[in-house]
Amino acid sequence: MTGLTLFSGAHVIDPANGIDAKLDVLVDGPVIANVAAGIAADDARVVDATGLLLLPGFVDLHAHLREPGFEQKGTIETETAAALRGGFTTICAMPNTDPAPDDASTVEALKGRIGRDAHVRVFPIGCITRERAGLSLAELSELADAGCVAFSDDGHPVTSPRLFRNALAISRSLGIPISEHSDDPALSAGGVAHEGRVSERLGLRGYPAAAEINAVARNIELAEATGARLHLAHLSCARSVALVADARARGLNITSEVTPSHLFLTEDAIAGPGREPAYDTNARINPPLRTEEDRKALLAGINDGTIDAIATDHAPHATEDKLCEFDHAAPGISCFETAAATILTLIDRGELDPAAAWAALTINPVRAFGLQHRVPGLGTLSVGAPADLVLLASSEAWTVDPARFVSRGRNTPLGGITLTGHVRAVMASGKLWEMGANDD
Ligand code: DOR
């Protein structure tokens with residue numbers, strides 16, 4: 001038995017190499033060996049990929065794995081299994097864990113757990129401030145040396161402009177981007193839903209768009225002042241997209257991301273479709289789901305390349321974290337296992353441009369965090385690149401049943417919703433996992 005696997009007859013899409021054609025892909029052990037029409041490999045295991053899309057494995061810049069500290073919500077083992085099932089073969093782990101990775105020894109311990117339990121490649125993101133408390137800087141240089149690919153206090157913004165400016169200046173000298181949760185708590189504190197029509201009708205405390213927009217504007221100014229690489233996490237507002245477009249037009253080194261949830265849903269998900277408001281705590285997320293106008297602007301941001309990446313913000317929570325009053329529910333959506341299907345559904349509806357969406361899940365996130373310098377070829381099907389790929393059945397309909405998630409978090413507002421498109425198989429570092437038709 002050789003280590004060769006031949007995926008035959010797939011519709012291969014490799015945005016980095018401009019490939020969008022019916023081709024074969026040959027994998028040799030842990031690397032891509034060839035992408036061409038009519039590859040002959042007699043001694044290879046053959047996977048018939050006729051009728052399926054084949055792409056580089058998805059790369060996620062924003063995931064919460066919960067370990068260490070919150071294993072009741074998820075572990076590195078359970079959440080990377082969910083990532084794999086969703087087609088994500090590389091993920092960046094946000095640091096809102098306990099302990100938070102704010103020095104080298106915590107990152108080393110985390111890497112040990114990742115090496116032992118992860119089903120996919122995991123890059124740690126280090127804290128910007130000690131214990132994510134926003135008061136003093138974390139050991140940024142140690143974190144960079146320990147292998148952190150970015151700095152973030154995600155879940156919390158760095159509210160002090162001076163501290164944030166200093167963090168940007170240091171991150172620039174280290175060549176590591178900052179991924180900032182842009183929020184002005186002076187405006188958003190206590191807010192649980194987008195401040196607008198739905199929050200007013202349901203009597204929920206509003207989280208205004210201005211809380212994000214103010215922070216995005218401040219963060220862009222400070223990135224310009226320091227020349228740092230700034231990545232704006234989970235944008236939710238039309239004005240934020242306009243500010244990013246303006247900054248990029250001025251040549252600033254700004255990248256950004258949007259979640260599948262904010263591309264697919266609006267504030268209406270909280271109220272639900274019925275006459276009586278559902279107060280669906282599974283639709284509570286920070287930043288909140290916003291208006292249809294915002295959703296359209298986020299889609300346009302992906303379609304025209306203003307927003308680089310689609311990042312899941314996969315945020316598993318325990319049942320009791322959501323089975324409570326709306327005001328007390330933990331924010332966040334378990335997203336890995338529905339992300340690809342929501343994107344395929346938006347493509348099917350003509351709302352997302354497929355070329356832009358696939359780039360936003362593969363090569364764009366790699367470039368945003370400079371991951372190609374850590375793993376050459378990551379996010380591509382180039383010869384010699386890691387054998388990370390995903391096979392999608394693009395028109396297969398299925399109904400989301402959170403009880404069947406492998407994630408410990410069943411917290412999705414998509415339960416019972418029928419999506420178009422399914423992950424059929426995933427190869428991670430040369431190891432093949434087949435899901436089968438309708439195996440959701
Ligand atoms: O909704 C959210 N959940 N937004 C965040 O920024 C953090 C995340 C979490 O960790 O649960």
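Side chains are part of it too, since the values below use all heavy atoms of this structure and drop only hydrogens, waters and symmetry mates. Both counts, for ligands and for their atoms, begin at 1 and track the order of listing.
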ask   = Under 6.0 Å from the CD atom of Glu131, do we count more than 12 heavy atoms belonging to anything else shown?
value = no

ask   = Mind checking whether His234 has a heavy atom under 4.0 Å from ligand 1?
value = yes

Considering only protein heavy atoms, which is closest to [atom], and at what distance to one decimal place?
atom	answer
atom 6 (O) of ligand 1	His181 CE1, 3.1 Å
atom 5 (C) of ligand 1	Asn286 O, 3.7 Å
atom 3 (N) of ligand 1	Pro331 O, 3.1 Å

task = Give the single entry among Asn96, Asp321, Asp183 that approaches atom 10 (O) of ligand 1 most closely by any heavy atom.
result = Asn96

remark   = Looking at His64, His62, Arg66, Lys73, the heavy atom closest to atom 11 (O) of ligand 1 belongs to Arg66

Intermediate values then yes/no, ring-ring contact (aromatic ring centres under 6.0 Å, His included), His62 and His234 = CA-CA 9 Å; His62 191 144; His234 47 43; 5.0 Å; yes

Assess whether a salt bridge exists between [X] and [Y], defined as any Lys/Arg side-chain N lying under 4.0 Å from an Asp/Glu carboxylate O.
X	Y	result
Glu79	Arg113	no
Arg250	Glu224	yes
Arg410	Asp401	no

message = Pairs of nitrogen or oxygen atoms closer than 3.5 Å, one from Gly332 and one from ligand 1: do any exist?
response = yes

key: Geometric N/O contact Ile285 with ligand 1, under 3.5 angstrom   = no

key: With Thr80, the side chain to side chain contact (heavy atoms under 4.5 Å, CB included) member among Asp117, Ile114, Ile91, Val406   = Ile91

task = Over 60° means perpendicular and under 30° means parallel, so classify the ring planes of Phe369 and His231, tilted if in between.
result = perpendicular

remark   = One finds that the ligand 1 atoms under 4.0 Å from a non-hydrogen atom of Gly155 are 6 (O)

task = Report, in ascending order of atom number, the atoms of ligand 1 lying under 4.0 Å from any heavy atom of Asp313.
result = 4 (N)

task = Give the contacting part of His317 toward ligand 1: side chain, backbone, both or neither, where contact means a heavy-atom distance below 4.0 Å.
result = side chain

Under 3.5 Å, which donor-acceptor pairs do the side chains of residues 156-169 form with other protein atoms, sequence neighbours left out?
| unit_1 | atom_1 | unit_2 | atom_2 | d |
| --- | --- | --- | --- | --- |
| His156 | ND1 | Arg132 | O | 3.1 |
| Ser160 | OG | Arg162 | N | 3.4 |
| Ser160 | OG | Leu163 | N | 3.1 |

